[in-house]
Amino acid sequence: MHKILVIHGPNLDLLGKREPGIYGTTTLNAINKNLKGQAKKAKIGLTIMQSNHEGEIVDIIGDARKKYDVIIINPAAYTHTSVAIRDAIAACGVKTIEVHLSNIYAREEFRQTSLVAPVCCGSISGFSHNSYSLALLAALSLLGPKKK
Ligand code: DQA
């Protein structure tokens, strides 16, 4: 069975209440529930983690090596600052997809740089909670034939 790891970065646990004009009113629980349903239909394994801590995210990515086929990550604010998370993605050798709810390229200048984008297969940004389901579709497209 193919396995996908979803990592939600800092403050995404507050989705639903957090700046709803920018991030929408869908909660992280609702996003995760939807992803689980999508993964079940596609018969793939899905693990979901959330952390507000840069080092913990680096550890999670490091542990993903050889355990997962694809990582989907919303590094949130660390997108724009974390060389450590970028290096962890580059080092782990797992195909990675970057996700954002908002269109980071249409926001403040400091959000328009993603340090992780160059080490990811691709990025999905700006489709609100649907960015995650689009990322899961993209992950499925990266997977080859099903493992038994
Ligand atoms: C975000 C965009 C980031 O700039 C911001 O810091 C976040 C969320 C998004 O999903 O749109 O926390 O990654």
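The structure displayed is predicted, hence computed values, not measured ones. Counting starts at 1 for both ligands and their atoms, following the listed order.
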Check: Which part of Glu98 is near ligand 1, with near meaning a heavy atom under 4.0 Å away: side chain, backbone, both or neither?
Finding: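 Glu98 to ligand 1: no contact under 4.0 Å from either part.
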Checklist line | Contact atoms of ligand 1, heavy-atom distance to His80 under 4.0 Å | finding: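 Close to His80: 3 (C), 4 (O).
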Margin query: Any nitrogen or oxygen of His100 lying under 3.5 Å from a nitrogen or oxygen in ligand 1? Just yes or no.
Written below: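 For ligand 1, there is an N or O atom that lies under 3.5 Å from one belonging to His100.
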Notebook entry, point to check: Hey, which atoms in ligand 1 end up nearer than 4.0 Å to a heavy atom of Ile104?
Noted result: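 Once the distances to Ile104 are compared, the set is 2 (C).
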Notebook entry, point to check: Between Leu12 and ligand 1, does any nitrogen or oxygen pair lie at a separation below 3.5 Å?
Noted result: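 N/O-N/O distance under 3.5 Å: no.
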Check: Are Arg18 and ligand 1 in contact, using a heavy-atom cut-off of under 4.0 Å?
Finding: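 The answer is yes: ligand 1 sits under 4.0 Å from a heavy atom of Arg18.
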Notebook entry, point to check: Under a 4.0 Å heavy-atom limit, does Ile22 contact ligand 1 with its side chain, its backbone, both, or neither?
Noted result: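 It is neither; nothing of Ile22 touches ligand 1.
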Note to self: Give me the nearest non-hydrogen protein atom to atom 9 (C) of ligand 1 as residue plus atom name, then the distance to 0.1 Å.
What the structure shows: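 It is Leu101 N, 3.4 Å.
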Notebook entry, point to check: For Ser114 and Glu98, does a side-chain donor sit closer than 3.5 Å to a side-chain acceptor?
Noted result: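 Result is yes, a qualifying pair exists.
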Notebook entry, point to check: Can you tell me if Tyr78 has a non-hydrogen atom under 4.0 Å from ligand 1?
Noted result: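 It does not; every heavy atom stays at 4.0 Å or beyond.
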Notebook entry, point to check: Just by distance, do the side chain of Arg65 and the backbone of Ala91 share a donor-acceptor pair under 3.5 Å?
Noted result: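 Yes, because the side chain of Arg65 sits within donor-acceptor range (under 3.5 Å) of the backbone of Ala91.
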Check: Does Tyr78 belong to the same Ile/Leu/Val/Met/Phe/Trp/Tyr cluster as Ile71, with side-chain heavy atoms less than 4.5 Å apart forming each link?
Finding: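 Shared cluster, yes.
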Check: So, does Tyr68 use its side chain to make a donor-acceptor pair with the main chain of Lys95 at under 3.5 Å?
Finding: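 No, because the side chain of Tyr68 does not come within donor-acceptor range (under 3.5 Å) of the backbone of Lys95.
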Notebook entry, point to check: Is it true that the side chains of Tyr132 and His8 contain a donor and an acceptor less than 3.5 Å apart?
Noted result: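 Side-chain D/A pair, Tyr132 to His8: present.
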Checklist line | Short side-chain donor-acceptor distance under 3.5 Å, Asn52 and Gln50 | finding: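 Judged by distance alone, the side chains do pair up.
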Next item on the list: Could you tell me whether Arg111 approaches ligand 1 through its side chain, its backbone, both or neither, with non-hydrogen atoms closer than 4.0 Å?
Entry: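 Side chain only; the backbone of Arg111 stays clear of ligand 1.
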Note to self: Pair Gln38, Leu137 - check side chain to side chain contact (heavy atoms under 4.5 Å, CB included), show working.
What the structure shows: CA-CA 9 Å; Gln38 215 180 328; Leu137 271 183; 4.1 Å; yes
Next item on the list: With rounding to the nearest 0.5 Å, note down the distance linking CD1 in Ile104 to CD in Gln112.
Entry: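 Separation between the atoms: 8.5 Å.
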Margin query: Counting only heavy atoms closer than 4.0 Å, does ligand 1 sit against the backbone of Val99, its side chain, both, or neither?
Written below: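 Near ligand 1, Val99 shows nothing, with every heavy atom at 4.0 Å or more.
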Note to self: Distance under 4.0 Å to a non-hydrogen atom of Ser102: what atoms of ligand 1 satisfy this?
What the structure shows: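 Result: 2 (C), 9 (C), 11 (O).
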